[in-house]
Amino acid sequence: MASHIVGYPRMGPKRELKFALESFWDGKHTSEDLQKVSSDLRSSIWKQMANAGIKYIPSNTFSYYDQVLDTTAMLGAVPERYSWNGGEIGFDTYFSMARGNASVPAMEMTKWFDTNYHFIVPELSPNIKFSYASRKAVTEYKEAKALGVDTVPVLVGPVTYLLLSKPAKGVEKTFPLLSLLKHILPIYKEVIAELKEAGASWIQFDEPTLVKDLDSHQLKAFTEAYTELETSLSGLNVLIETYFADVPAEAYKTITSLKAISGFGFDLVRGTKTLDVIKSAGFPSGKYLFAGIVDGRNIWANDLASSLSTLQALEGIVGKDKLVVSTSSSLLHTAVDLVNETKLDDEIKSWLAFAAQKVVEVNALAKALAGQKDEAFFSANAAAQASRKSSPRVTNPQVQKAAAALKGSDHRRATNVSARLDAQQKKLNLPLLPTTTIGSFPQTIELRRVRREYKASKISEEDYVKTIKEEINKVVKIQEEFDIDVLVHGEPERNDMVEYFGEQLSGFAFTVNGWVQSYGSRCVKPPIIYGDVSRPKAMTVFWSSVAQSMTSRPMKGMLTGPVTILNWSFVRNDQPRSETCYQIALSIKQEVEDLEAAGINVIQIDEAALREGLPLRKSEEAFYLDWAVHSFRITNCGVKDTTQIHTHMCYSNFNDIIHSIIDMDADVITIENSRSDEKLLSVFREGVKYGAGIGPGVYDIHSPRIPSAEEIADRVKKMLAVLEINVLWVNPDCGLKTRKYAEVKPALTNMVAAAKQLRAELANGK
Ligand SMILES: Nc1nc2c(c(=O)[nH]1)N[C@@H](CNc1ccc(C(=O)N[C@@H](CCC(=O)N[C@@H](CCC(=O)N[C@@H](CCC(=O)O)C(=O)O)C(=O)O)C(=O)O)cc1)CN2
Ligand SMILES: [Zn+2]
C-alpha cells in the first residue's frame, strides 16, 4: 500500500529560510548563502520522507516566496513594469515582483483559499507573451534524484493558475483569463517534456479551484487543458490534487473522465462529502485514489483506528493496489516538527502531530492497510485519543452551559446605530472626518528584545512595565503632535494580535516553534485551542487604562474579535467551530465590559479574518456568516449607547458579504481599501446604504511608499462621492507594525493634513 505527501512546509523547523531570506534582502548574505540554506532544507525534507517510507515524495513544493509566483516565473508572465528582459528569471526580478523595489511597487497579494497563507496574484493581459523562464521544477526534481530520492514534481495546475489570476491594470475587468489557456499550455508541455527526460514517472498538478463552485465554462477548461496535454503526458502517471473541501459532483464527473489522468487526490478531512461522492458516482477503474486522510491544516494527531476503517472502505471501492494514503492538503499550513516543542506538557504533546509526525502517520496507515500494522504505534495513538476525549482539562461545564445558552437567541444592542452615534458624538465631540489609526505602531527590534527578555525572565516585571509605558507614552505623544482625533496605544506589549489573547485565555496551549508561513518570510505562531475557552482575568484593561491616563483624547481599547481568534488559531476538531467561537465571544464580551467600566469609551474589536473564514462553497456561506456575525455581536451587545464600538477588517473583498458586515452592527468600521483599486467603494456606488461610521483606508500600509496629502485628499473625495460626510472616517488601511517610524511619521502627518484641508473646504461651502 502506497503513501503520499501533498506538500511540505518550507521555512524549516526553526524558520531557517525566513532568516536566510531576510539576511539576503538586507544585503547581509549573498545569494549563494541563501541557496545553500535552501538546498539543505530541501534535502533534509526529502530524506526525512524517504526514511519514513513515503513512496510518493513531492518536489518543487519548496519556494523562495510563493508557489503561485513560482508558476508566474515558470511561464515568464512578468508584468512589464519590472523591466525583465527575458532569459531565466533570477532573484532580482523574482523578489521585485514579490516585494517591489525602489522604483516599482510589488504585485498584489491575496489569501490562498480559506487559509492565512498569501499568494502573489498573477497579472495577465490579452497580448502577454509567455515563455519558459524558470526551470525550478526540473532543477529540484534532478536535485532530489541526485540525492537518491525519486520525487513527484508538483506544479500549480494550468486552470487553477488562470482562475487565480487577475486582468493587468488597464485591461478590461471582464477579460476572459481562461482564453489564455492555449498560450500557457505550450510552456507546461516544455516542462513536462523536461521532467520526463529527467526520469520522472509521476507528476502532480494542484488544482484546488476544483473544490469551488465552478460553472460549466470553467469546468470545460479542465477538459480542454488535460486533453490538450494528453500526448505530452503519455508515459507519465498524472495526479490531479484537490484540497480544502470536497469536489462537487459535476467537477468530480469532469475530472474522473479525463483520459490523461491516472490519479485523483481528495481531501477527506474538510471534504466531508467526498466519501459519499465517491460511493455514489463510483471511481474510474484502474485509476489511483490519493486519500487525504491526515489533516494538513491542523496539529491534531490522527485518529488512526478510525482512519484505517475509512481507508478499508475505500479499498473496497477502488481496489487494494489503487489506494494511496495521503495528507488532506499540503502540510504547508501546519507547524513543522513537534520534536522542537520543549514547553508543552507530555499530555498535550501526545495529542498532537506536526508535519514531521504526520509523515509518519501517513506511512503507518499505509503499512497497516498492507497488513503490516505497527501495533505499538497504533495502541499509543489510541491511548492518546482516549486521553484527549476524557481529559478534564478539555471540559469546563460552566463555559459549555453559557455557550449553549447563546445559540438559540439573538444578541443586539438595544438602540439603533444612528441614535447611538448621536449619543456618542455628544460625549466624544469629534470633528467631521475624524482621524484614527488601526492599532499597532512600528514594532522595533528593541521592543521585540524587551518582550523576549521579559518572557525569558531576564528582566524584571518592573523594568518591563516601565519600558512598555515609555513606549506607549511615545506613541501617544506623537499622535497628539500629528493631531489625530482618536488615539491608539500602539500595541507594543503584543507579539501578535491573536497569540497575545490566546496566551491569556484558558483552553489554549502554546508552541515555541510552531511557526506557519503567512507570506514571504513572515510567519505566525497560531495558538492551539484544545479545551473550553474562558478568561481568568482582564487581558488589556491595565495597558488601555495606562494609555488613556496619558491623554485627554479618546483612547481606543484594542481587542481581537472571536472569529479572528478562531480563524487564526489551530482549533479543536472535537466540536463544531461555531461552538468554540461562541466560547471565545463570551471571554471577549467580559473584556469589553471591563474596558467600558474602566472608562474606555471607544473599543475596537478587530475581525481581520472574518472574510477569510468564509466557506469555499456558496451553499455553506449563510450558516458561517450567521454564527460569525452573531459571535461578534455577542461581544458588545451589553455596552452603553455612548460606548463606541469599532471593528477593523483587512482585504476588502467584501462586496459579496456587505449585508453581513452591516449586520455586525458596529458603530464604526475601518476597512482595507487602497490596495485593491478601491473595489470596496463600488458597493456603495451601487446603492448599498451604510449608516454607521466607516473608514475605508486612505493609504496602503504594506508598502514603504509615503502618500502625499493631495493624494490622500483625492482618495477621501472619491469616498465622499458615495458616502455621507457625517459617517466617513480617515485612517490607514491596517496596523503599522510592519512599518518604520521614518515612513509612519510623514504618512500620518499627510493624512491629518488632508483631513484638515477637506474640513476647511467643507466649512467654506465647497
Ligand atoms: N496571526 C496573524 N495573521 C495575520 C496577520 C497578523 O497580524 N497576525 N496579519 C496579516 C498578514 N500576516 C502577517 C503575518 C506575520 C507577520 C509578522 O510580522 N510576523 C513576525 C513574527 C510575529 C511574532 O510573533 N513575533 C514575536 C516573536 C518574535 C520572534 O521571532 N521571536 C523568536 C525569538 C528570536 C530570538 O530568540 O532571538 C521566537 O519566538 O522564536 C514578537 O514580536 O514578539 C515575523 O514573521 O517576523 C505580519 C503579518 C494576515 N494574517
Ligand atoms: Zn488589518
Side-chain angles (χ1 to χ4, degrees), residues 11-19 21-23 25 66 109-112 114-119 333 335-336 340-343 437-456 458 464 468 471 488 491-503 510-527 558 560-561 563-570 604-613 646-652 654 669-676 695-697 700-702 731-740:
M11 279 297 145
K14 302 238 164 112
R15 290 186 296 163
E16 291 82 350
L17 181 59
K18 171 197 173 67
F19 300 115
L21 280 166
E22 290 175 0
S23 303
W25 292 336
D66 157 51
M109 194 166 70
T110 199
K111 297 261 166 161
W112 178 245
D114 59 352
T115 74
N116 197 356
Y117 176 80
H118 305 62
F119 70 96
H333 312 290
V336 181
N340 298 314
E341 294 311 320
T342 45
K343 298 223 169 100
T437 60
I438 307 305
S440 56
F441 266 67
Q443 289 269 348
T444 57
I445 291 170
E446 173 63 11
L447 266 177
R448 290 195 172 191
R449 188 183 58 78
V450 170
R451 276 202 305 270
R452 189 169 68 236
E453 292 187 348
Y454 174 57
K455 250 187 177 165
K458 283 187 194 148
Y464 174 72
I468 299 291
E471 180 70 20
V488 297
E491 306 178 23
E493 77 287 14
R494 302 184 188 180
N495 43 8
D496 174 79
M497 60 188 286
V498 166
E499 207 179 354
Y500 181 75
F501 288 92
E503 279 170 354
F510 295 89
T511 65
V512 279
N513 280 297
W515 295 98
V516 180
Q517 185 178 15
S518 180
Y519 68 92
S521 67
R522 297 279 177 174
C523 301
V524 294
K525 199 143 48 65
M558 192 59 62
T560 302
V563 188
T564 299
I565 292 181
L566 182 89
N567 283 336
W568 285 352
S569 297
F570 289 122
Q604 178 174 313
I605 307 164
D606 290 325
E607 283 295 17
L610 190 130
R611 174 64 177 78
E612 151 192 328
H646 288 223
T647 189
H648 160 73
M649 301 197 169
C650 343
Y651 306 98
S652 76
F654 295 118
I669 180 166
T670 55
I671 202 161
E672 188 265 334
N673 159 68
S674 64
R675 209 163 55 135
S676 44
D700 175 14
I701 57 85
H702 295 89
N731 50 260
D733 265 353
C734 189
L736 304 168
K737 68 180 168 193
T738 58
R739 299 265 60 85
K740 299 191 162 63

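In each ligand, atom 1 is the first atom listed, and ligand 1 is the first ligand listed. Only this structure's heavy atoms are used, side chains among them; waters, hydrogens and symmetry mates stay out.
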Under a 4.0 angstrom heavy-atom cut-off, which atoms of ligand 1 come close to [X]?
| X | result |
| --- | --- |
| Tyr519 | 11 (C), 12 (N), 13 (C), 48 (C) |
| Val524 | 1 (N), 2 (C), 3 (N), 14 (C), 15 (C) |
| Ser518 | 12 (N), 13 (C), 14 (C), 50 (N) |
| Glu499 | 24 (O) |

Taking side chain to side chain donor-acceptor pair (under 3.5 Å) as the definition, give me every residue that meets it alongside Asn513, ordered by chain and number, with sequence neighbours left out.
none
Thr110 side chain near His118 side chain, heavy-atom distance below 4.5 Å
no
Checking a contact table here: which protein heavy atom is nearest [atom], and how many Å away?
| atom | answer |
| --- | --- |
| atom 22 (C) of ligand 1 | Asn495 O, 4.0 Å |
| atom 30 (O) of ligand 1 | Arg15 NH2, 2.9 Å |
| atom 44 (C) of ligand 1 | Lys18 NZ, 3.1 Å |
| atom 16 (C) of ligand 1 | Arg522 CD, 3.8 Å |
| atom 8 (N) of ligand 1 | Asp496 OD1, 2.6 Å |
| atom 36 (O) of ligand 1 | Arg452 CD, 3.0 Å |
| atom 19 (N) of ligand 1 | Cys523 O, 3.1 Å |
| atom 50 (N) of ligand 1 | Asn116 OD1, 2.8 Å |

Report the member of Lys525, Lys737, Met497, Gln517 with the shortest heavy-atom distance to atom 7 (O) of ligand 1.
Lys737
Of the listed options Arg451, Glu453, Glu493, Gln443, closest to atom 42 (O) of ligand 1 (non-hydrogen atoms):
Arg451
Hey, can you tell me if Tyr117 and Trp112 have their rings parallel, tilted or perpendicular (30° and 60° cut-offs)?
perpendicular
Does Arg448 reach ligand 1 with a nitrogen or oxygen that is under 3.5 Å from one of the ligand's nitrogen or oxygen atoms?
yes
If I take atom CD from residue Glu491 and atom CD from residue Gln443, how far apart are they, to the nearest 0.5 angstrom?
8.0 Å
Decide, yes or no, whether a salt bridge links Glu22 with Arg15 under the criterion of side-chain N to carboxylate O below 4.0 Å.
no
